[in-house]
Amino acid sequence: QLRGYITALLAPAYLLLGMASHLQLGTVDVVAEKETKMKVMQEINGLRTSWYWLSWFLYFLICGSICSCVTLILTAGVSQVFGNSNLFLVFAIFMLSYAQIFAVACCLSIVCDRADTAGRIAQMAFSGLMIASAAVNGFMHREGSQQQLYYVFSFAPVVSIYTALSSTMWLEVIGTGLNW
């Protein structure tokens with residue numbers, strides 16, 4: 001039982017930290033392409049903006065799929081962390097998490113002009129959102145807390161990932177797991 005509590009408290013943070021590099025790398029990649037004027041060159045040669053962003057989405061979809069599969073194999077197969085959960089739903093959480101990280105990377109790439117600055121901003125933004133995630137989840141699970149605020153904060157990019165992973169872990173602790 002103690003092992004379950006420790007896992008439920010620490011695993012969401014560690015899984016989220018594993019995803020943190022994708023935000024930084026994704027933001028740096030998109031901004032570096034913008035910085036070297038490759039996007040402008042591609043548009044001059046006839047590439048539509050929708051195809052440009054679709055190519056980035058497919059690239060991150062492939063990377064996210066590979067990382068999600070490896071994470072699922074290690075957490076569900078090797079360590080049995082998600083032993084009671086539907087693996088398709090856990091995989092969906094991982095994939096939606098990477099899709100959300102890609103969306104944040106795209107948003108950050110709009111406001112950044114230099115790749116090195118983009119990397120720093122992405123890392124600071126992720127760290128701040130990670131701390132906010134832990135605080136929101138810790139504060140809102142107390143009795144008497146306002147559930148409406150919990151739902152509003154869950155719309156923040158990293159907070160929703162942390163909340164989904166944390167909720168899944170607590171369902172594992174009580175023995176039901178995440179199921180339909």
Residue pair Leu178 / Ile93, side-chain heavy-atom distance below 4.5 Å: yes
Taking Tyr59 as the starting point, is it possible to reach Leu47 by hopping between hydrophobic residues whose side chains are less than 4.5 Å apart? yes
Testing the basics here: between Asn179 and Thr176, what is the closest heavy-atom pair and its distance to 0.1 Å? ND2-O, 2.8 Å
Check for me, please, whether Tyr98 and Val70 land in the same ILVMFWY cluster - side-chain distances under 4.5 Å, paths through other members count. no
Give the minimum heavy-atom separation between Leu23 and Ala122, together with the two atoms involved. CD2-O, 3.7 Å
Determine the minimum heavy-atom distance between Ala115 and Val28, stating which atoms define it. O-CG2, 3.6 Å
Asp29 side chain reached by Trp56 side chain, heavy atoms, under 4.5 Å: yes
Run the side-chain contact (heavy atoms from CB on, under 4.5 Å) check on Val90 and Asn86 step by step: do they pass? CA-CA 6 Å; Val90 175; Asn86 182 328; over 6 Å; no
Indicate yes or no: at least one non-hydrogen side-chain atom of Leu9 is less than 4.5 angstrom from one of Trp170. yes
If you count every heavy atom of other residues, nucleotides or ligands that lies below 6.0 Å from Trp51 atom CH2, does the total exceed 12? no
Minimum-distance pair of heavy atoms, taken over all atoms of Thr168 and Ser85: CG2-OG, 4.0 Å
Judged by atom type as modelled, is there a donor-acceptor pair below 3.5 Å linking the side chain of Lys34 to the main-chain atoms of Asp113? no
dist Ser97:OG -> Leu15:CG (nearest 0.5 Å) comes out at 9.0 Å
Do you know the tightest heavy-atom contact between Leu87 and Ala76? CD2-CB, 3.4 Å
With a 4.5 Å heavy-atom cut-off, do Cys106 and Trp53 have their side chains touching? yes
Rounded to the nearest 0.5 Å, what separates atom CD1 in Ile131 from atom OH in Tyr162? 11.5 Å
If Ile, Leu, Val, Met, Phe, Trp and Tyr residues are connected whenever their side-chain heavy atoms lie under 4.5 Å apart, and connections chain through other members, are Leu89 and Ile174 in the same group? yes
Examine distances only and state if a side-chain atom of Gln42 and a backbone atom of Tyr52 form a donor-acceptor pair shorter than 3.5 Å. no
Between Phe102 and His22, is there a side-chain heavy-atom distance shorter than 4.5 Å? no
Taking all heavy atoms of Ala105 and all of Gly26, pick out the closest pair and write down the distance. CB-C, 4.0 Å
Cluster link Leu10 to Phe94, ILVMFWY, side chain under 4.5 Å: yes
To the nearest 0.5 Å, what is the distance between CD on Gln123 and OG on Ser21? 8.5 Å
Just by distance, do the side chain of Thr75 and the backbone of Val81 share a donor-acceptor pair under 3.5 Å? no
To the nearest 0.5 angstrom, please state how far the CD1 atom of Ile101 sits from the CD1 atom of Ile161. 4.5 Å
CG/Leu165 to CE/Met19 distance, rounded to the nearest 0.5 angstrom? 5.5 Å
Is there a side-chain contact between Met169 and Phe82 in this structure, where contact means two heavy atoms from C-beta onward sitting under 4.5 Å apart? yes
Same cluster or not: Ile62 versus Met95, using hydrophobic residues (I, L, V, M, F, W, Y) connected whenever any side-chain heavy atoms lie under 4.5 Å apart? no
First locate atom CG of Asp116, then atom CD1 of Ile121, and finally report the distance between them rounded to the nearest 0.5 Å. 9.5 Å
Where the side chain of Glu172 meets the backbone of Asn84, is there a donor-acceptor pair that is under 3.5 Å apart? yes
